[in-house]
There are 2 protein chains.
Amino acid sequence: MSTEPEVPANRAPTLTDVAKLAGVSVATASKAINGRDEVKAATRARVLKAAELLSFAPNALARALLGGRTGTVGLLTSDLEGRFSIPILMGAEDAFGAGEVSVFLCDARGDAIREAYHVRALLSRRVDGLIVVGSSTDPRPPLAGTIPVPVVYVYAPSADPGDISITVDNVGGGRLAVDHLLACGRREIAHVTGEPGFAAARDRAEGAAAALADAGLSMLGGKPYYGSWDETWGRAAAHIVVEQHPEVDAIFCGSDQIARGVLETLRDLGRDVPHAISVIGFDNWDAIAAHSRPRLTSIDMNLERLGAVAGRRLFEAIAGAEPPSSEQYPGRVVMRDSTAPAG
Amino acid sequence: MSTEPEVPANRAPTLTDVAKLAGVSVATASKAINGRDEVKAATRARVLKAAELLSFAPNALARALLGGRTGTVGLLTSDLEGRFSIPILMGAEDAFGAGEVSVFLCDARGDAIREAYHVRALLSRRVDGLIVVGSSTDPRPPLAGTIPVPVVYVYAPSADPGDISITVDNVGGGRLAVDHLLACGRREIAHVTGEPGFAAARDRAEGAAAALADAGLSMLGGKPYYGSWDETWGRAAAHIVVEQHPEVDAIFCGSDQIARGVLETLRDLGRDVPHAISVIGFDNWDAIAAHSRPRLTSIDMNLERLGAVAGRRLFEAIAGAEPPSSEQYPGRVVMRDSTAPAG
DNA sequence: CTGAAAGCGCTTACAG
DNA sequence: CTGAAAGCGCTTACAG
């Protein structure tokens, strides 16, 4: 007849194949491979060599079927395009990737139906937990239905205060920006920002106002210049501010794109940035901030850390730890060349 | 004694629970749930109601253990940060998400060790296939080791021509850009681009040169102005080009960031864009292209489609179709305000 | 049309 | 120290 190969070519080698090749039972092979210490050294060596020979990789599905835990989590984003999701996602992936956890990525595209569909699929794959990444800092509705595994919301908090949400401290971020300008000796500070419909805009403005109040000052014009998040508004707003308040010596912008527009207009007007007028942005978006003239000082919200924290909290919750409560994280100032003491 | 609940509270309901509640065998419950037609309508109804009642979701792991296929694929990126990966990833996620396939996301961070580690993990989770997303268009080494499932490389081709690679046609993209400028009646065309160490730079330049040659023209200065991919180089290069070739009437830029810098310098110099000089970029990066002055015409490489194609090809390969061969996809011109006929 | 039995690849008490 | 047996949750021939 034909020669009988130890292992059929067309399928992944199983523990049975390894055991056969090593001349032991599957039970023993299992113990050897998993480093249990009730195995004679010589036996273990034989098993490991056999596994090596067959490039055996234990079937994680079979394992999961037993253990209860699968070592997988779902990462649910509502908007991959938005650049805020990406660093968060990287942070989370990193927090897990270091361990034994694999991450399912699902983009709901901002659609509740798609989201529900994805959740269903993830649950049927028996993920150990879920991370929900929002695309704005506004609260979002909690996941529909009863979710039998821990869930951590990140960036956008869940509207249900009972849920675990890891968010950015935008009020603190606004404070940070203004405190930096104050440290540069600025007193006549305007705030140009995005749409007031966004919590991010309102929160940053609130923080800015509070920092100014603490210094006995108020915002130039008495309130923020609300508009949109882009450069076009930044350019227009700079014209308005300079005209209405020629004494302006600093502008805190709600985004780097706005700041970029402000910078361009100030350049067109021949204003000296950073000395006559200092400008600080928000987001620390490298592509925008690192190549403007001058290069833009900005607030970085440490989104990658945020993702990593979310990953760790989920991990803890899965491990059955005390359900962690919600947390807010502050940002930091990244100095470039658009802010400096008056000179 | 105590009341006996139909299902213990603390674990996911199983098919056995459903069967018990419906008063049938697990075999019958399975058939009912899977829509096999050897089940009496009334029985099926009872089973479905029971499943509904328990919010039963079939355990995908157990299913996969049988069927051979898991309905999962691995998406291996080398650099999530790079903005090229994201649209590709969205396209792929979309191609799969529509079906029954879930996607594992792994970021190797450009590290071969991490990559090997992730591949190992994915294989032990028995993914049905792998998509490898590169971060530049330069060929990359194929995955190490023997991979027992289909692999599709996207954006960066595998260095092994026997592998399936889905890539962007950068030569064609360079052609497209120059053809557009020629259509605008331009004849004195310079090419400012990034580092010559990148295949993307060389390929686009090659396409540009070919299109010019076809029109009986050659590049202003005889060759591309190579530099770096950022705005700073764009600004510097524009000065150089204008000085060396005052007759310049169009500049093809190897990236939108370069183009943005070029635009700024031309503005500083008082040159009328698009009429005196037309400028076209590459990448169609909205944040950069849509807010410049004037807004930038650019080549879009349709990366999301690229990802979707990769997803479909992998799908076909998994289904056992003829191993698809490698493919290259052209881009398209996205008109904004920086190119126009001379006026 | 329905159900008892075998089996997917593994791990874990439990004997020996 | 080693192995036979049961079982994780499901599906699929095979009887009835």
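All values below were derived from every heavy atom in this structure, side-chain atoms included, with hydrogens, water molecules and symmetry-related copies excluded. Predicted model, so just to flag it, every value in this text is computed and none were measured. Throughout, protein chains are lettered first and strands after them, A, B, ... in sequence-line order, and every chain is numbered starting at 1.
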Less than 3.5 Å apart, which donor and acceptor atoms pair up between the side chains of residues 121-132 of chain B and the rest of the protein, not counting sequence neighbours?
unit_1   : atom_1 : unit_2   : atom_2 : d
B/Ser124 : OG     : B/Ala121 : O      : 3.4
B/Arg125 : NE     : A/Ser102 : OG     : 2.8
B/Arg125 : NH1    : A/Thr70  : O      : 3.0
B/Arg125 : NH2    : A/Gly71  : O      : 2.9
B/Arg125 : NH2    : A/Glu100 : O      : 3.1
B/Arg126 : NH1    : A/Ala57  : O      : 3.4
B/Arg126 : NH1    : B/Leu123 : O      : 2.9
B/Arg126 : NH2    : A/Ala57  : O      : 2.9
B/Asp128 : OD1    : B/Thr70  : N      : 3.0
B/Asp128 : OD1    : B/Thr70  : OG1    : 3.3
B/Asp128 : OD2    : B/Thr70  : N      : 3.3
B/Asp128 : OD2    : B/Gly71  : N      : 2.7

Under-3.5 Å N/O pairs linking protein and nucleotides 8-10 of chain C:
unit_1 : atom_1 : unit_2  : atom_2 : d
C/dG9  : N2     : A/Ala62 : O      : 3.4
C/dC10 : OP1    : A/Asn59 : N      : 3.0
C/dC10 : OP2    : A/Leu15 : N      : 2.2

Pairs flagged by ring-ring contact (aromatic ring centres under 6.0 Å, His included) wherever residues 88-113 of chain A is involved - sequence neighbours left out:
A/Phe104-B/Phe104

Could you give all pairs that pass the salt bridge (charged side-chain N to carboxylate O under 4.0 Å, His left out) test and reach residues 30-47 of chain B, with sequence neighbours left out?
B/Arg36-B/Glu38

Selection [range] - residue pairs positive for side-chain hydrogen bond (donor to acceptor under 3.5 Å, both in side chains), sequence neighbours left out:
range	value
residues 86-98 of chain A	A/Asp94-B/Arg109, A/Asp94-B/Arg114
residues 148-169 of chain B	B/Ser158-B/Asp163
residues 129-141 of chain A	A/Glu115-A/Arg140, A/Ser136-A/Asp138

Applying side chain to side chain donor-acceptor pair (under 3.5 Å), name anything that partners A/Ser85, two or more places apart in sequence or on another chain.
none

Report yes or no: does A/Asn302 contribute a side-chain atom to a donor-acceptor pair with the main-chain N or O of A/Arg305 at less than 3.5 Å?
no

Check salt bridge (charged side-chain N to carboxylate O under 4.0 Å, His left out) between B/Arg69 and all other residues, then give those that pass, not counting sequence neighbours.
none

Protein-nucleotides 1-3 of chain C N/O pairs under 3.5 Å:
unit_1 : atom_1 : unit_2  : atom_2 : d
C/dT2  : OP1    : B/Thr43 : OG1    : 2.5
C/dT2  : OP2    : B/Lys40 : N      : 3.1
C/dT2  : OP2    : B/Thr43 : OG1    : 3.3
C/dG3  : OP2    : B/Ser25 : N      : 3.1
C/dG3  : OP2    : B/Ser25 : OG     : 3.4
C/dG3  : OP2    : B/Thr28 : OG1    : 3.0
C/dG3  : N7     : B/Lys31 : NZ     : 3.4
C/dG3  : O6     : B/Lys31 : NZ     : 2.5

If pairs are Watson-Crick or G-U with both distances under 3.5 Å, what is the dot-bracket string of DNA chain D, marking crossing pairs with [ ] and pairs to another strand with |?
|||.||||||||.|||

Please name all residues satisfying side chain to side chain contact (heavy atoms under 4.5 Å, CB included) with B/Leu89, sequence neighbours left out, ordered by chain then number.
A/Leu80, A/Leu105, B/Leu75, B/Thr77, B/Leu80, B/Leu105

